[in-house]
Protein chains: 2
Amino acid sequence: MYSDLNISEFTQQLQNTNLDFQTKQIKKNDIITTYIKNRNQICILKKGNADIIRYDKNGNKTIIETLKANDIFGEVFFPINTNSELFVIAKTNCEVIFFLYDDIFKYRNALDNIFFNLFLNRTIKQNIRIELLTKRSIKEKLLSYFSFLSIEYNKKDFTLPLSYTDLADYLCIDRSAMMREIQHLQKENIITKNGYNIKLKK
Amino acid sequence: MYSDLNISEFTQQLQNTNLDFQTKQIKKNDIITTYIKNRNQICILKKGNADIIRYDKNGNKTIIETLKANDIFGEVFFPINTNSELFVIAKTNCEVIFFLYDDIFKYRNALDNIFFNLFLNRTIKQNIRIELLTKRSIKEKLLSYFSFLSIEYNKKDFTLPLSYTDLADYLCIDRSAMMREIQHLQKENIITKNGYNIKLKK
DNA sequence: CATATTTTGTTGCAAAAGCAACAGAAATTT
DNA sequence: AAATTTCTGTTGCTTTTGCAACAAAATATG
C-alpha cells in the first residue's frame with residue numbers, strides 16, 4: 001500500500017546486523033505460533049498465507065486477521081486476554097521470520113522510538129477494538145469491554161469513561177438493547193451498576 | 001503500554017529537526033480534522049480527548065476510535081472509502097500536532113523504513129477490518145467487504161480469496177444467515193454470483 | 001437559576017440474525 | 001477411483017437485536 005516493500009532485500013539487510021531472528025518453514029495447516037503472554041514475539045510472514053484465529057466457548061471460530069506475504073504479526077500487537085487463546089494457522093506452506101520486540105527496539109534511536117511506540121500502542125488499541133467487535137452478542141461485547149476496563153484500571157469496580165449512549169456507538173449496538181442486556185447482567189448477578197460505576201462480581 | 005512515552009520531550013526534540021509540523025489548540029466539540037483522500041496527514045493528540053466518528057446513511061453514529069493524549073491518528077491509517085466520511089471531534093479542549101506522512105518518512109533510514117511500512121500496512125489492514133465489523137447488518141458487512149475487494153483488484157468482478165465458511169468467520173456472522181443475505185443481494189440485482197466469483201452490478 | 005437539551009431507563013412490537021438439520025456438490029485423503 | 005471429509009445451499013423455527021416512543025433524570029446553556 002504505502003511505498004515498496006521488498007522483504008527479500010530486507011532479509012539480506014538483516015544478515016548484516018546483529019539483530020537476532022530465526023527463519024522457519026511451516027507446513028500447511030500447522031500452527032505457526034500461539035500467542036503467549038509476555039513472550040513479545042514479532043513475526044513476519046515471508047511466504048504463504050495464514051490466519052490468526054480464536055475459538056470461543058460456543059465453538060464459534062473467529063478469524064481475527066488474515067495474513068499474506070509481508071504481513072507482520074505477533075503477541076506484541078495483541079493484549080492477551082484470559083478468555084481467548086489465539087492461534088496462527090498456516091493456510092498454505094509458509095516461511096516465517098521470528099523476532100523479539102526487545103531486540104528490534106534496541107535497533108532504533110530516540111526519535112524513532114517514540115514513533116515506534118505510538119504505532120505499537122495504536123495497533124494494540126485497534127486490536128482491543130477488533131476483539132470487542134468480533135464478539136457475537138451484546139452480552140459478550142459488554143463483558144469483554146468491562147473486562148478490558150477492569151484490566152486497565154486493575155480493579156473489579158471502575159467508572160465508565162464513556163456515556164451509555166457513546167458506549168453503544170462504540171460497540172456498534174442499539175442503546176436500548178444494550179441497556180436491556182445490562183439489566184440482565186445485573187439480574188444474573190454478574191455485575192452491579194450504579195450510574196457509570198460498574199463492578200464485576202467475579 | 002510499551003515503554004515510556006514522553007510527548008513533551010518528543011515535541012522539544014522535534015524543534016531541533018527540520019521536520020515540518022504544526023501545533024493547534026482545538027475547542028471542545030469542534031472538528032479537529034476530517035479524513036481527506038491523499039492528504040496523508042498524521043496527527044498526534046498532545047492533550048485532551050477526541051473521537052473518530054462516522055455517520056451512516058441511517059443516521060447511526062459509530063465511534064471508530066476513541067483518542068486520548070499521546071494517540072496517533074490521521075488518514076494515513078485509514079483507507080478512505082467513498083461511502084463514509086470520517087470526522088475527528090474534540091470531546092474536550094485539545095492540543096494537536098499535525099504532520100504529513102512524507103515528511104516523517106524522510107526522517108527514517110532504510111531498515112527503519114521497512115518496519116515503518118510493515119506497521120503502516122498492518123494498521124491499515126486493521127482499519128479495514130474495523131470498518132467491516134462496525135457495519136450494522138450482514139448486508140452492509142458483505143457489501144463493504146465486496147467493495148474493498150473491488151477496490152483492491154480494481155475490477156467490478158473478482159474471485160473471493162476465502163471460502164464462504166471462512167468469510168462468515170471473518171465477518172463474525174452466521175454462515176447460513178450470510179448465504180441467505182447473498183441470495184437477497186442477487187434477487188435485488190445488486191450482485192451476481194457464480195461460485196466464488198462475485199460481480200458488483202454498479 | 002430557569003429553560004433547553006441530552007441522556008437514561010424502560011417497554012411492546014417488528015425485523016434481523018442465529019440455530020439446527022440435511023441433501024447434494026466439491027475437495028481431500030487413502 | 002473409492003471413501004471420507006468439508007463446504008454449499010437451503011429451510012423452518014427460535015432467539016436476539018433493533019426500532020419507536022416516552023417519561024424521568026441529569027446536564028448544559030443563556
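Residue numbers start from 1 in every chain, and the chains themselves are labelled A, B, ... in the order their sequence lines are given, proteins ahead of strands.
For the pair B:F77 and A:T123, the minimum side-chain heavy-atom distance is 4.5 Å or more. In this structure the side chain of A:E152 never reaches within 4.5 angstrom of the side chain of A:F158, judged on heavy atoms. Residues A:L171 and A:L142 are in side-chain contact: their nearest non-hydrogen atoms beyond the backbone lie under 4.5 Å apart.
At a non-hydrogen distance threshold of 4.0 Å, B:I173, B:D174 from residues 156-175 of chain B come into contact with DNA chain C. Residues from residues 176-187 of chain B lying near DNA chain C, meaning a heavy-atom separation below 4.0 Å, are B:S176, B:A177, B:R180, B:E181 in numerical order.
Residues that satisfy the ring pair (Phe, Tyr, Trp, His ring centres under 6.0 Å) test with B:Y170, not counting sequence neighbours, are B:Y145.
Atom C1' of nucleotide C:dT29 and atom NZ of A:K28 are separated by 12 Å, given to the nearest angstrom. Rounded to an integer number of Å, the gap from A:N194 CG to D:dA25 C1' is 14 Å. Atom NZ of A:K61 is separated from atom C1' of D:dC7 by 12 Å (rounded to the nearest Å). Rounding to whole angstrom units, CG of residue B:N60 and P of D:dA20 are separated by 10 Å. Straight-line distance from the CG atom of A:N197 to the C1' atom of D:dA26: 17 Å, rounded to whole Å. Rounding to whole angstrom units, OH of residue B:Y196 and P of C:dA25 are separated by 16 Å. For the pair A:K91 NZ and C:dA27 C1', the computed distance is 14 Å after rounding to whole Å. Counting to the nearest Å, the P atom of C:dA16 and the CG atom of B:L142 are 15 Å from each other.
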Give the intermediate values and the outcome of salt bridge (Lys or Arg N to Asp or Glu O under 4.0 Å) for residues A:K91 and B:D166.
CA-CA 12 Å; A:K91 299 285 279 184; B:D166 279 359; 2.8 Å; yes
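The phosphate of C:dG9 (OP1 or OP2) has a side-chain N or O of A:K193 nearer than 4.0 angstrom.
The aromatic rings of A:F116 and B:F115 sit perpendicular, their planes meeting at an angle over 60°, well past the 30° parallel limit. Taking the six-membered ring where tryptophan is involved, the planes of A:F119 and B:F119 are tilted, since the angle between them lies from 30° to 60°.
Taking NZ from A:K61 and CG from B:D169, the interatomic distance works out to 5.0 Å, rounded to the nearest 0.5 Å.
Remark: side-chain polar atoms of A:Y35 are not paired, donor with acceptor, to backbone N or O of A:F87 under 3.5 angstrom.
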